[in-house]
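Structure, as structure tokens:
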Amino acid sequence: MSDRSQLIETGKPFKFDAERDAEFERLVKRYPTRESMILPALWLTQEQEGWVSAEAIAYIADRIGTYAAKVFEAATFYTMYHLKPMGQYHICVCRTLSCWLREKQNIIDFLAEEIGVRPGEISDDGRFSLEEVECLGHCGTAPVVQVNGEFHEEMNVEKMKTLLAGLE
Ligand code: FES
């Protein structure tokens with residue numbers, strides 16, 4: 001398992017783009033306290049950058065008006081937040097029981113062969129990264145794959161082939 005206690009510095013300041021900035025302001029009105037915005041703000045960051053850097057953690061803390069340590073704690077605790085750059089297409093394959101029983105391994109093996117990445121790796125061209133994750137909450141339609149957060153259910157190798165072919 002990778003070390004999730006290390007943040008990467010980019011050396012460049014981070015801030016939300018106009019779209020995320022507006023979304024942050026819209027959401028902050030709906031939450032009881034500004035600190036409740038830590039998870040949504042991390043999510044907005046990841047949507048914008050694909051991952052969460054040390055500068056982003058500092059920005060979020062400042063924007064919310066809390067300690068960077070609290071934002072860091074949340075970012076490092078929840079594995080859905082990426083603490084390093086990922087591929088243009090980040091593929092998550094569920095490895096928990098239902099998906100395991102319904103042969104998620106065939107999908108993993110196919111991806112290793114087809115795009116040359118194993119779980120935890122990024123392809124040489126930076127297009128794909130692959131991660132095995134715990135239950136994605138759609139066990140009834142296992143095996144489940146996510147690509148950049150979008151769910152694909154009842155997957156198999158053939159469907160994965162079609163899905164990859166459709167990615168630009
Ligand atoms: S076990 Fe895979 S989605 Fe729940």
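For reference, positions follow the sequence shown, starting with 1. Small disclaimer: the values here were computed from a predicted structure and weren't measured. One-based numbering, in listed order, for ligands and for the atoms of each.
For Asp21, the side chain to side chain donor-acceptor pair (under 3.5 Å) partners two or more places apart in sequence, or in a different chain, are Arg63.
When atom types are taken as modelled, the side chain of Arg102 and the backbone of Pro143 share no donor-acceptor pair closer than 3.5 angstrom. Not a single donor-acceptor pair under 3.5 Å links the side chain of Glu134 to the backbone N or O of Cys94.
At least one side-chain heavy atom of Thr76 sits under 4.5 Å from a side-chain heavy atom of Leu83.
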Intermediate values then yes/no, side chain to side chain contact (heavy atoms under 4.5 Å, CB included), Leu44 and Phe16: CA-CA 8 Å; Leu44 288 173; Phe16 287 144; 3.9 Å; yes
Determine, stepwise, if the pair Val93 / Leu130 fulfils side chain to side chain contact (heavy atoms under 4.5 Å, CB included). CA-CA 8 Å; Val93 178; Leu130 177 61; 3.9 Å; yes
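Near atom 2 (Fe) of ligand 1, less than 2.8 Å away, sit the protein N, O or S atoms Cys94 SG, Cys99 SG.
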